[in-house]
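These notes concern the structure reproduced below.
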Amino acid sequence: MLKLYNTLTNQVEEFKPIEENKVRVYVCGPTVHDFAHIGNFRTFLFADLLRRYLKFKGYQVHHVMNITDVDDKIIRKSVEKGQTLREYTQIYTDYFFEDFDALGAERPEEILRATDHIPEMIEIIKRLSANGHTYQSDGSTYYRINTFTGYGKLSKMNFEGNVTGASERVDSDEYEAKENARDFVLWKAVKPGEPFWETDLGQGRPGWHIECSAMSMKALGETFDIHAGGIDLVFPHHENEIAQSEGATGKPFVHYWVHAEFLMVEGQKMSKSLGNFFTFRDLVEKGYTPRAIRYLLLSAPHHKQLNFTLEGLRGAESTVARLNDFKLRLNEAAVEDGETPATAELIARSLKRFEDAMDDDLNTAEALAAVHDFVRETNSALAQGSLKADDKKALLAAVDRFDSVFSIFGEVKKEMLDSEIQALIDERQAARKAKNFARSDEIRNQLTEMGIILEDTKDGVRWRRK
RNA sequence: GGCGGCGUAGCCAAGUGGCAAGGCGAAGGUCUGCAAAACCUUUAUUCACGGGUUCGAUUCCCGUCGCCGCCUCCA
C-alpha cells in the first residue's frame, strides 16, 4: 500500500485514488524564460518517479503538466528581444523538453500552455465574482482572501504574527491597489507596451496562480488526486490555487498535495553569485551524463533537502556505469537450460524490499539499496557461473521492473566496432595466444587511448567504451 | 520579528528507543601473463555539541552552535 506525505494534513497517508485504479496528477511545470536548472529538474524528476511508480503499482495515470508562458520576466525578456510572447517562450519550451527527455523523464499525458487557456481562467474568475470573492481596483481583479475561510490550510501560515517583521516586499508599490496585503491578483489590467487579452474582464493578462486552477480542473476535473510541485510553491502559489478552485466550485480541490524539497549545491543554496548555479546543460558541457544526473537527483527521498556536489555526481557516474555494465554482462552471460531456487528467492526478496521502500513515501534511498544488493548478489552468481537460462531471463525481467521506476540502468544496445579496432583486438588475441605480452599490452594501451577498454574473461575478450 | 526543516564515516545518504542500510572514494585480498571487471575483507565503539527522561537514545525532551526553507520572484 503506497503511502504519501500530504502537505495538507502534515501526515503520511495511505494513497487512495478517487476512481479505482486511475490516478489524476497535476504537476506545476516550468516558467519558460531561461534554461531550467538542476533544482528545477529535481522536482520534475520526482514527479516522473511518482508517475512511474504509480504505473508500477498498476494504476492508470493521467498526468498533466503546465507550461507557464506568461509572466513579468517573460514579458520583459521577450520585449527586450523584440519577439512575441509565443516566439520567445517556444524557444525555451523546446530547450526544456530536450533536457526533460534527455533526463529520461516520461512525457505527461497532457502538457498545457497557460496562454491557451485564457477563457477557462476568465470563467473561474467570473465564478469567484459570483460567489463574492473578488473586487476590482484600477482595472485589475483581486481575490479578497478574507472571504475564503480555508485560506492558509495548506501552508499553515500564521497571518497574525509574521507580517510585521517580514520582508519589505509586502509593502512595495505593486500592492498599493490591494485592500489587504494578502489579497492577490487574478486578472491584471493591461499596461502600455505589454501583451494583453481582450476579455469580459477588460484588457489584461492573468495573474500567476489562476492558470493552474484553470488547467488542472479542465484536464482533471474539479476534484482530483495528486497535485505536486516544488516546496517553495506551497505558499503562495498552491495556497492561492486552493482559494481559487474551492472558492469557485465549493468542492475540495485536491486530495494529496506532495512537494519536492529544495536542492542544495555544495552545502549552500544555488545562486549565480556563489558560482554554484548549474543548469542541466552546464553539467552536460562539463562531460557529465544525463543518467548520472538523474540518478543523483533521485537518490535521496524527495521530502529531504539534497546536497548536490560535483564529487557526488562523479560518484553517480561510477554507479550508473556499473549498473549498465551489469545489465550488459547479464545479457551476454552464456547459460545452460534450467533454473535454480536461489534466484527466485533473490528476486522475490529484492522486489519486496524495493516495493516496501517505495510504498513508504517513495523512499528512493532504501529502494536503491535493494537494487544494489540485488546487483551484487547477481554478480556473485554470475562470477560463479551458477546461473541457468531461466534464472537469467527472470533476473533481466527484475532489472526491467526496477528500471521501469528509476530508468538508471541504460540500454544494452551493442554498437559495432569499426574494422580497424576489430583488427587490433584480433591481433592482440593472437599475440596473447603466442604469449607475446609486450605486443598485446601495447595494443591494449593503444585501444585505451582510443576510448576502448578491454576485459579478458573466461568466455573471451569483452570491450566497452570508456 | 513569526513559522518550519536539517546537522549520521573523506563525499552523497537511509534509518530505528535495544548492538549504525546503500552508493562513491580509499586500503588489502581472490581471479588474471599483467590488467580490467566482478567478488571478499577493512574503512562511524559512533550519529553537531551540552544537559535531561529511560534498564537502554543517534532515535524522545530542553538548551547551544551551524546550515537551509517559507512569510507574495522562486522547483
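Lettering of chains follows the sequences in order, A, B, ..., and the numbering in each one begins at 1. Just so you know, these numbers come straight off a predicted model, no measurement behind them.
Here A:Arg439 pairs with A:Glu427 in a salt bridge; the nearest charged N to carboxylate O distance falls below 4.0 Å. Salt-bridge annotation for A:Asp456 and A:Arg428: present, with a side-chain N of the basic residue lying under 4.0 Å from a carboxylate O of the acidic one. With respect to A:Glu332 and A:Arg462, a salt bridge is recorded, a charged nitrogen being found less than 4.0 Å from a carboxylate O.
In this structure, A:Trp208 reaches the B:C74 phosphate: one of its side-chain N or O atoms is under 4.0 Å from OP1 or OP2. Taking only side-chain nitrogens and oxygens, A:Lys156 never comes nearer than 4.0 Å to OP1 or OP2 of B:G4. Dashed line: the shortest gap from a side-chain N or O of A:Lys269 to OP1 or OP2 of B:G69 is under 4.0 Å. Applying the 4.0 Å criterion to OP1 and OP2 of B:A36, one finds that A:Thr457 has every side-chain N and O outside that range.
Nucleic acid contact for A:Ile453: sugar-phosphate only, since backbone atoms but no base atoms lie under 4.0 Å from a heavy atom of the residue. No contact: A:Lys435 has no heavy atom under 4.0 Å from any strand. Nucleic acid contact class of A:His37 (heavy atoms, under 4.0 Å, all strands): base. Residue contacts for A:Gly229: at a heavy-atom cut-off of 4.0 Å it reaches the sugar-phosphate backbone alone, with no base atom in range.
A:Lys156 contributes a side-chain N or O that, together with a main-chain N or O of A:Lys153, makes up a donor-acceptor pair within less than 3.5 Å.
Closest approach to the A:Asp441 side chain among B:C71, B:G33, B:C74 is made by B:G33 (side chain taken as heavy atoms from C-beta onward). For A:Arg432, the side-chain atoms get nearest to B:C34 when compared with the rest of B:A36, B:A14, B:C34. Proximity note for A:Gln305 (side chain, C-beta onward) versus B:C68, B:C12, B:G7: the nearest is B:C68. In the set B:A75, B:G25, B:A36, the nucleotide with an atom closest to the side chain of A:Ser318 is B:G25. Of the candidates B:A75, B:C34, B:A37, the closest approach to any side-chain atom of A:Thr31 belongs to B:A75. Residue A:Thr309 has its side chain nearest to B:C12 when only B:A13, B:C12, B:C71 are considered. Candidate nucleotides B:C11, B:G22, B:C34 were compared by shortest atom distance to the side chain of A:Arg428, and B:C34 ranks first. For A:Ser440, the side-chain atoms get nearest to B:G33 when compared with the rest of B:A36, B:A75, B:G33. Picking from B:C12, B:G22, B:A13 the nucleotide with the shortest atom distance to the side chain of A:His372 gives B:G22.
Judged by Watson-Crick or G-U wobble contacts below 3.5 Å, the nucleotide B:C60 has B:G52 as its partner. The partner of B:A20 cannot be assigned: no Watson-Crick or G-U wobble pair with both contacts below 3.5 Å exists in any strand. Base pairing annotation: B:A38 forms a Watson-Crick or G-U wobble pair with B:U30, both donor-acceptor distances under 3.5 Å. In this structure, B:C65 and B:G7 make a Watson-Crick or G-U wobble pair, each of the two defining distances being under 3.5 angstrom. Nucleotide B:G1 forms a pair with B:C71, judged by Watson-Crick or G-U wobble geometry with both contacts under 3.5 Å. Nucleotide B:G25 forms a pair with B:U43, judged by Watson-Crick or G-U wobble geometry with both contacts under 3.5 Å.
Between the side-chain ring of A:Phe262 and the base of B:A75, a stacking contact exists by the 5.5 Å and 30° definition.
Between the CG atom of A:Asp232 and the P atom of B:G5 there is a distance of 18 Å, rounded to whole Å. The distance from atom CG of A:Asp72 to atom C1' of B:C74 is 13 Å, rounded to the nearest whole Å. Atom-to-atom, CG of A:Leu306 to P of B:G22 comes out at 20 Å; the value is rounded to the nearest Å. Taking atom CG on A:Leu310 and atom P on B:C11, their separation rounds to 15 Å, with Å as the unit. Look at CD1 on A:Ile443: it is 19 Å from P on B:A36, rounded to the nearest Å. Spacing between atom CE of A:Met264 and atom P of B:C74 amounts to 19 Å, rounded to whole angstrom units. If you measure from atom CG of A:Asn307 to atom P of B:A48, you get 16 Å, rounded to the nearest angstrom. Regarding A:Gln429, its CD atom lies at a distance of 13 Å from the C1' atom of B:A35, rounded to whole Å.
Between the P atoms of B:C74 and B:U58, the separation comes to 43 Å (whole Å). Between B:G52 and B:G15, the two C1' atoms lie 24 Å apart (nearest whole Å). Only the C1' atoms considered, B:G51 is 44 Å distant from B:C40, to the nearest whole Å. Nucleotides B:G25 and B:C34, compared at atom P, are 24 Å apart to the nearest Å. Comparing B:G1 with B:C19, their C1' atoms sit 46 Å apart, to the nearest whole Å. When the P atom is used for both B:A48 and B:C11, the distance is 14 Å, rounded to whole Å. Rounded to the nearest Å, the gap between the P atom of B:U41 and that of B:A21 is 14 Å. The P atoms of B:G7 and B:C47 are separated by 13 Å, rounded to the nearest whole Å.
Closest-nucleotide positions on RNA chain B for A:Asn240 and A:Gln268 were compared, and the one nearer the 5' end corresponds to A:Gln268. Heavy-atom nearest nucleotides on RNA chain B were determined for A:Leu368 and for A:His303, and the one closer to the 5' end corresponds to A:His303.
Evaluated for a side-chain hydrogen bond (donor to acceptor under 3.5 Å, both in side chains) with A:Thr7, the options A:His303, A:His227, A:His259 yield exactly one hit, A:His259.
Below the 3.5 angstrom threshold, one finds no donor paired with an acceptor across the side chain of A:Arg314 and the base of B:G25. One N or O donor and one acceptor, one from the side chain of A:Arg444 and one from the base of B:A35, sit under 3.5 Å apart. In terms of polar N and O atoms assigned as donor or acceptor, the side chain of A:Asp456 comes within less than 3.5 Å of the base of B:C34 in a complementary pairing. Side-chain to base pairing of A:Asn363 with B:G15: no donor and acceptor N or O lie closer than 3.5 Å to each other.
Listed by first and then second residue, the side-chain hydrogen bond (donor to acceptor under 3.5 Å, both in side chains) pairs involving residues 313-323 of chain A are A:Tyr288-A:Arg314, A:Thr289-A:Glu317 (not counting sequence neighbours).
Contact between A:Leu297 and A:Ile38 at its shortest, heavy atoms only, is CD1-O, 3.9 Å. Residue A:Gly39 comes nearest to A:Met270 through the heavy atom pair N-CE, 3.8 Å, listed as atom of the first residue, atom of the second, then distance. Taking every heavy atom of both residues into account, A:Pro108 and A:Arg51 meet most closely at CA-NH1, 3.6 Å.
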I'd like a table of atom pairs between the protein and nucleotides 38-42 of chain B - only N or O on both sides, under 3.5 Å - with the distance next to each one.
from: B:A38; atom 1: O3'; to: A:Asn379; atom 2: ND2; distance (Å): 3.1
from: B:C39; atom 1: OP1; to: A:Asn379; atom 2: ND2; distance (Å): 3.3
from: B:C39; atom 1: O3'; to: A:Ser380; atom 2: OG; distance (Å): 3.4

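Relative to the six-membered ring of A:Phe277, A:Lys272 meets both conditions, a distance below 6.0 Å and an angle of at most 45° to the axis. A cation-pi geometry, defined here as NZ or CZ lying under 6.0 Å from the six-membered ring centre and within 45° of its normal, does not hold between A:Arg52 and A:Phe406.
More than 12 non-hydrogen atoms from other residues, nucleotides or ligands lie less than 6.0 angstrom from CD of A:Glu345.
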